[in-house]
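Heads up: the structure comes next, in C-alpha cells.
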Amino acid sequence: MPAYHSALNESEDARQVGNMSILPIKTKIRGPAQVADSQQADIIDETLDLFRANSLFRNFEIKGPADRLLIVLILFVSDCLAKIGTARTVPSQIEASKMLNTLSVDNFPIPGDANFALNAHYAAPANRAGADYLRTYLTQVRQELAARLVERLYADGTGKPSKWWMAFQKRRFMNRSLGS
C-alpha cells in the first residue's frame, strides 16, 4: 500500500524555492505566505489529516514539489508530539501552545544547510534571497501548524492531549527527524 501524497502537487500557480512548493495557507500569522481560500483545505490541513497514516510508512515516493513541503511538515508534527511527550508533566493546552510556538520559531535548518536531514531529496535555494524567503515562509507555516495541532490535540476538552495523537510521538516518518 503506497503512502498518501499531497493533492496540491498539481498546483500550477505555486511558487517554488529550490524544488519545494510555496503554497497559500489559511492563517492570521504575519508572513510571506499568500492567504488561501478559507473554504478549501490548505497544506496544513492536509498535513494534519495525513500525518497519522503517513507516519506508518518507512518509504515515501516524492511525486511533486508539494510532497516535499508535506514531508517537512509531517516531520515537524512528529517533533512537536515528541516535545509534548517528553515534558515532565502533561502540559495544559496553553503550556503546549507556548512550547510548540517556541519550537516553531527556533532556528532550524532548511534545504541546502549542512545539517538538514533530507538534503539528498531537496534542492538548495538558488540564492540568499530565496533561502531567506524559504526560512520566513517555513517559520510562518510551522507557527500555524503548531497552533492547529494544539487545537486538535486538546479538542476533547479534558485538558490532556489526545492519546490517539500522542501514540505517534515515538513514530518516525521515513525513520527521520528534523532534529528540532
> Taking only residues two or more places apart in sequence, or in another chain, which ones meet Asp67 in a side-chain hydrogen bond (donor to acceptor under 3.5 Å, both in side chains)?
Replying inline: His5, Asn9
> Hey, what do you get for CG (Leu70) to CD1 (Ile43), rounding to the nearest 0.5 Å?
Replying inline: 5.0 Å
> Taking C-beta and beyond as the side chain, do Phe51 and Leu81 meet within less than 4.5 Å on heavy atoms?
Replying inline: yes
> Partners of Tyr154 by ring pair (Phe, Tyr, Trp, His ring centres under 6.0 Å), sequence neighbours excluded?
Replying inline: none
>> I'd like to know whether Gln40 forms a side-chain contact (heavy atoms from CB on, under 4.5 Å) with Asp45, so could you lay out the CA-CA distance, the side-chain angles of the two residues, the decisive distance to 0.1 Å, and finally the verdict.
In response: CA-CA 9 Å; Gln40 300 288 336; Asp45 292 330; over 6 Å; no
> Taking all atoms of both residues into account, what is the closest heavy-atom pair of Gly130 and Pro125, and its distance?
Replying inline: C-CB, 3.8 Å
> Can a salt bridge be assigned to the pair Arg148 and Asp42 using a cut-off of 4.0 Å between side-chain N and carboxylate O?
Replying inline: yes
>> Closer than 3.5 angstrom, by distance alone: can the side chain of Asn54 be matched with the main-chain N or O of Ala3 as a donor-acceptor pair?
In response: no
> Is Leu56 reachable from Val77 through a run of hydrophobic residues whose side-chain heavy atoms are each under 4.5 Å from the next?
Replying inline: yes
> Has the side chain of Asn119 got a donor or acceptor atom that lies under 3.5 Å from a matching backbone atom of Asp113?
Replying inline: yes
>> Within this structure, what is the CG-CZ distance for the pair Asn101 and Arg142, rounded to the nearest 0.5 Å?
In response: 11.0 Å
>> To the closest 0.5 Å, what do you measure between CG (Leu100) and CG (Leu145)?
In response: 9.0 Å
> Who pairs with Glu46 by salt bridge (Lys or Arg N to Asp or Glu O under 4.0 Å), at least two apart in sequence or on another chain?
Replying inline: none
> Got a donor-acceptor contact below 3.5 angstrom from the Ser6 side chain to the Leu8 backbone?
Replying inline: yes
>> Could you tell me if Arg15 sits above the aromatic ring of Tyr137, with its cationic atom closer than 6.0 Å to the ring centre and no more than 45 degrees from the axis?
In response: no
> Under the side-chain contact (heavy atoms from CB on, under 4.5 Å) criterion, do Leu134 and Ile22 qualify, and how do the steps go?
Replying inline: CA-CA 8 Å; Leu134 181 61; Ile22 304 297; 3.9 Å; yes
>> Let's go through Val72 and Tyr122 carefully: what are the C-alpha distance in whole Å and the side-chain angles of both, what is the deciding distance for side-chain contact (heavy atoms from CB on, under 4.5 Å) to 0.1 Å, and is it a yes or a no?
In response: CA-CA 11 Å; Val72 168; Tyr122 289 78; 3.5 Å; yes
>> Within the structure provided, determine whether Leu75 and Leu118 are in side-chain contact (heavy-atom separation under 4.5 Å).
In response: yes
> With sequence neighbours left out, which residue pairs that include part of residues 83-105 fulfil the salt bridge (charged side-chain N to carboxylate O under 4.0 Å, His left out) condition?
Replying inline: none
> So, the side chain of Arg52 versus the backbone of Ala167: is there a donor-acceptor pair under 3.5 Å, distance only?
Replying inline: no
> So Cys80 and Leu103, side-chain contact (heavy atoms from CB on, under 4.5 Å) or not? Walk me through it.
Replying inline: CA-CA 8 Å; Cys80 288; Leu103 179 66; 4.0 Å; yes
> Which pair of heavy atoms, one from Pro91 and one from Met99, lies closest together, and at what distance?
Replying inline: CG-CE, 4.1 Å
> Which heavy-atom pair separates His121 from Arg68 by the least distance, and what is that distance?
Replying inline: O-NE, 3.0 Å
>> Whether the side chain of Asp132 engages the backbone of Ala129 through a donor-acceptor N/O pair (distance < 3.5 Å, no angle test) should be reported.
In response: no
>> Using every non-hydrogen atom in the two residues, find where Ala14 and Ser21 come nearest and quote the distance to one decimal.
In response: CB-OG, 4.3 Å
> Mind checking whether Tyr133 and Val35 sit in one hydrophobic cluster, side chains of I, L, V, M, F, W, Y counted as touching below 4.5 Å?
Replying inline: no
> Residues two or more places apart in sequence or in another chain: which of them pass side-chain hydrogen bond (donor to acceptor under 3.5 Å, both in side chains) with Thr158?
Replying inline: Asp156
>> Quick check: is Ile29 connected to Leu138 through a chain of hydrophobic side chains (ILVMFWY, heavy atoms under 4.5 Å apart)?
In response: no
>> When you group the ILVMFWY residues by side-chain heavy-atom contacts below 4.5 Å and let the links chain together, are Val90 and Leu153 in the same group?
In response: no
> Shortest non-hydrogen contact from Met20 to Pro111?
Replying inline: CE-CG, 3.7 Å
> Which distance, rounded to the nearest 0.5 Å, do you find between the OG1 of Thr136 and the CZ of Arg30?
Replying inline: 11.5 Å
> Just how far is it from atom OG of Ser55 to atom NZ of Lys170, taken to the nearest 0.5 Å?
Replying inline: 14.5 Å
> Crowded around Ile94 CD1? As in, over 12 foreign heavy atoms under 6.0 Å?
Replying inline: no
> Residues in side-chain hydrogen bond (donor to acceptor under 3.5 Å, both in side chains) with Asp49, at least two apart?
Replying inline: Arg152
>> What's the separation between atom CD in Glu144 and atom OG in Ser104, rounded to the nearest 0.5 Å?
In response: 10.0 Å
> Which atoms form the tightest heavy-atom contact between Gln16 and Pro65, and what is the distance?
Replying inline: NE2-CG, 3.2 Å
